[in-house]
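I have placed the structure first, in the form of structure tokens, so that the comments after it can refer back to it.
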Amino acid sequence: MIVTLTPNPSVDRTIAFDLIRRGEVQRATSSRVDPGCKGINVSRALQANRTPTLAVLPAGGPEGHLLTELLRSADVPFQTVEIAGAARMNVAAVEPDGTTTKLNEPGPQMSAAEVSALFDAAITAADGADWLVACGSLPPGVPDSFYAELVLRCAAADLKVAIDTSGSPFPLAAVAHPQLIKPNHEELAELVGRPLPRFGDVVDAARRLVADGVETVVVSLGADGALGVDASGLVWAGATVDDPLSTVGAGDCLLAGFLHARVRGGDLEAAVREGVRWGAAAVRLPGSQVPAPADIAAVEVTSTNSPSSTASSPDAPHERTRRVSHHQRAGHPRPAWRRPPRGDPRARRAPGRIRSVHRPGRFPGRRPRP
């Protein structure tokens, strides 16, 4: 059993557009509504692939009622803690090349009593479970130390904990030594307090966190796959997706796939490969829809235990990597459009423009796009 805790769940509306132009009326081509946020997405993906799970979450207001109805429709087992505030509603705008723009509400203000009730509900639900997975942002009223305190309480109860969050709660949770953390490229840089422009830097940062007491670090690297590091070594895995539809929730599916493999006895390589397979399958689906077994089986994954770019020399050209866009998650394809050369008049009006900096070189094992 894998129990997930989502302190700040949402109703996710994903709207597809041919092209988004700021300041103009937008005509959508389609839309869908799903129960959302990281922990819920993990439970949805696990349930869709027949891994026992239970989602623990706060719920209040008409949005909270809609959220629970959506979970029932998806056959996801859940346990709610009633709160006075209304659950948030998030919007994701998706373009044909997979570019995703997310508009996230802050969430409801929670009282100290509600926070305590949610904390206790998660600990109680996780009794006897294989993992407690605590994911996502914290709503107003929840202290930044919430996840760290959860890790410490679970350690005392001999419960395994996985943390996937961002911002100031993440380093506090990491120093409490959870069994697993899943940052993306940017979140890992924030955790270690320095930029990570090369793959070797990413490896070194993950190894440092393991040396400091985190049992396993899984880093989602957007189009460049994922890296897993523990005391036994490291593994990189990647997949090519030529037909992306939406990046929403793909990183959550990666985490679900990793844990799915772990509870079945898979080693680090098997778990990272499975996680990348689930994440890549999710990118091929609309909105935050999670992949079913048939979707996952269609994904081809490559992996290695000794990627060449783990060398520490700053002069090695194969170590130079592009920065991963905030909207990308593990298994996502590179957008087909590339920024025109400086001075080219198309640079300011080209559709699908990606604002992150693309550097020469690729992560190890990545196959070129046709």
Side-chain angles (χ1 to χ4, degrees), residues 6-8 37-39 41-42 90 100-102 104 106-107 133-140 142-152 161-230 234 236 247-252 254-255 258 275 279 310 312 314 319-330 332 354-359 363:
T6 309
N8 202 11
C37 200
K38 288 178 175 294
N41 290 338
V42 171
N90 295 338
T100 302
T101 302
K102 298 190 70 175
N104 290 349
V133 185
C135 298
S137 63
L138 298 177
V142 179
D144 288 346
S145 61
F146 181 86
Y147 285 138
E149 294 171 4
L150 186 73
V151 173
L152 294 174
V161 185
I163 301 292
D164 182 7
T165 186
S166 59
S168 54
F170 211 170
L172 296 176
V175 298
H177 303 158
Q179 281 70 31
L180 171 65
I181 62 174
K182 194 209 72 64
N184 62 22
H185 192 170
E186 294 177 359
E187 292 161 352
L188 181 64
E190 292 176 0
L191 276 176
V192 299
R194 66 176 188 274
L196 305 173
R198 301 170 300 158
F199 183 69
D201 299 323
V202 174
V203 172
D204 291 343
R207 282 175 166 163
R208 171 184 160 184
L209 290 169
V210 170
D212 287 346
V214 178
E215 187 173 304
T216 304
V217 178
V218 177
V219 188
S220 54
L221 297 168
D224 296 307
L227 171 74
V229 177
D230 64 13
L234 66 88
W236 172 90
T247 64
V248 180
D252 308 327
L254 183 151
L255 178 57
F258 182 92
T310 57
S312 59
E319 285 196 40
R320 296 197 302 270
T321 69
R322 65 183 178 87
R323 291 174 58 189
V324 179
S325 306
H326 72 279
H327 64 271
Q328 294 176 288
R329 293 294 185 264
H332 294 190
I354 303 301
R355 297 182 181 274
S356 59
V357 177
H358 291 267
R359 303 183 186 277
F363 274 39

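Within the 4.5 Å cutoff, side-chain heavy atoms of L234 are placed close to those of L227. For the pair V203 and W236, the minimum side-chain heavy-atom distance is 4.5 Å or more. No side-chain heavy atom of Y147 sits under 4.5 Å from any side-chain heavy atom of V161. Residues P183 and V217 form a side-chain contact, since some pair of their non-hydrogen atoms from C-beta on lies under 4.5 Å apart. Residues N184 and L221 have side chains not in contact (no heavy-atom distance under 4.5 Å, counting atoms from C-beta outward). T216 is not listed as a side-chain neighbour of V210, based on a closest heavy-atom distance of 4.5 Å or more.
Although no hydrogens or angles enter the test, the distance criterion places a donor-acceptor pair under 3.5 Å between the side chain of N8 and the main chain of P106.
Residues satisfying the side chain to side chain contact (heavy atoms under 4.5 Å, CB included) test with E215, not counting sequence neighbours, are Q179. Residues satisfying the side chain to side chain contact (heavy atoms under 4.5 Å, CB included) test with V142, not counting sequence neighbours, are M110, V115, L138, P139, F146. Not counting sequence neighbours, the partners of A189 by the side chain to side chain contact (heavy atoms under 4.5 Å, CB included) test are L196. Shown here are the side-chain hydrogen bond (donor to acceptor under 3.5 Å, both in side chains) partners of D212, two or more places apart in sequence or in another chain: there are none. Remark: T6 pairs with P9, C37, I40 by the side chain to side chain contact (heavy atoms under 4.5 Å, CB included) rule, at least two apart or across chains.
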| query | Can you check side-chain contact (heavy atoms from CB on, under 4.5 Å) on V218 and L254, steps first, answer last? | reply | CA-CA 10 Å; V218 177; L254 183 151; 3.9 Å; yes
| said: side-chain contact (heavy atoms from CB on, under 4.5 Å) for V192 and R208? Distances and angles first, verdict last. | reply: CA-CA 8 Å; V192 299; R208 171 184 160 184; 3.9 Å; yes
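Closest approach of P7 to C135, counting heavy atoms only: CD-O, 3.4 Å.
Atom CG of L188 is separated from atom NZ of K182 by 11.0 Å, given to the nearest 0.5 angstrom. A distance of 8.0 Å separates CZ in R198 from CG in D204, rounded to the nearest 0.5 Å. To the nearest 0.5 Å, atom NZ of residue K38 and atom OG of residue S137 are 9.0 Å apart. Taken to the nearest 0.5 Å, the NE2 atom of H185 stands 11.0 Å off from the CD atom of E190. The distance from atom CG of N41 to atom CG of L255, rounded to the nearest 0.5 Å, is 10.5 Å.
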Taking distance alone, no hydrogens or angles, what donor-acceptor pairs closer than 3.5 Å link side-chain atoms of residues 162-174 to residues at least two apart or in another chain?
| from | atom 1 | to | atom 2 | distance (Å) |
| --- | --- | --- | --- | --- |
| T165 | OG1 | G136 | O | 2.9 |
| S168 | OG | D144 | OD2 | 2.8 |

